Amino acid sequence: MRLSAPAKINLHLRVGQVQNDGFHPLLSWMTTVGLFDTITLEDAPSGIALTCDDPRIPIDATNLIVRAAQLMSEVAQQHKARPFRAGAGSGLQLNLAKRIPAGGGLGGGSSDAARILLALNQFWNLGQMIEQLALLAAKLGSDVPFFLFGPSSICQSRGEIVQPIAVSKTRFATLVLPDIAMPTPRVYQVFDSLGSGKAQADLGQPAWQEWTSLNAEALLPRLINDLEAPAFAISPQLGRLRNDIEQSLGRIVRMSGSGSTLFTLFDDLASAQRAAESVTRNGTRAIEVEIGITPDDDLEQSWIADA
Ligand code: C5P
């Protein structure tokens, strides 16, 4: 079985004051983008093994792919009455071709994990309901539930409340991929130390339906990412890069998630491509992508239809 796991960007990300559990209430419009990790799944006699073409990625149980597979394996044990596929062993060999940069705020590990939950439900014939998969996803990480429901959703609370909405009319983005890995927990700590969440009891509730119908020029000025200030405090180099690119492209540039990926939006592919070429010429890797992408892979159902 071959799986294609898309990256995401947070078009809009508001963050509230830290709660007693150490997490922050979120309000985010997330959308998939056309940059993919590829995972292959094969039967194995026993155990769960992962290989990856990028030696920097851990392949042990700290990898969300392995953790997702372990959770589904536990579900399989509990449902002994339900057979695995005829002739299959009880083990799994997973191979990951890593293309989504780690520490980039693009949700690569979360997307991989969500795809594994959906795939093993099918591959092992486990018959798990949406609600059960969503619970497992939330256990794995704040961004994982979104990837069950893509390609465009409003995510709230810690990220586990997911409301699918229309894909943005603005269909293209230039992603700037600096060689900087941002540590997410540290970005939230600095957010707290800046006192940013205190002023934000109300994260707002934009007119999402209207926002989805805006072109790039109208949408960009409405977008906010509350994690930019702490991320740029941790990496002033990233803050400078954002300012430089805004100046050279003459348009608003936002950060995705806790960084380090920066993005701007376009209504046509050719403009996104020209911007990517211009940023790359100035020394930082950049690519053009389509927004709101649904991957073409071996899953019978790419997304769960309804939250
Ligand atoms: O859930 P996830 O593993 O992606 O979160 C990584 C870290 O980001 C958490 O350990 C926490 O420090 C921070 N976080 C947060 N509030 C959220 C989501 C994440 O403080 N809503």
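None of these values were measured; they are calculated from a predicted model. Ligands are counted one by one from 1 in listed order, and the atoms in each one are counted from 1 as well.
Sorted by first and then second residue, the side-chain hydrogen bond (donor to acceptor under 3.5 Å, both in side chains) pairs with a member in residues 229-246 read E228-R242; sequence neighbours excluded.
With a 6.0 Å radius and a threshold of 12 heavy atoms from other residues, nucleotides or ligands, D179 has its CG atom at or below the threshold. Counted within 6.0 Å of CD on Q205, heavy atoms from surrounding residues, nucleotides or ligands total more than 12; the atom is thus considered enclosed. Remark: D60 CG is packed, more than 12 non-hydrogen atoms of other residues, nucleotides or ligands lying under 6.0 Å away.
E42 and N95 form a side-chain donor-acceptor contact under 3.5 Å, judged by distance and modelled atom types alone. Side-chain contact annotation: W29 with T212, donor-acceptor N/O pair under 3.5 Å absent.
Closer than 4.0 angstrom to ligand 1 lie heavy atoms from G22, F23, H24, L26, G141, S142, R158, T184, P185, Y188.
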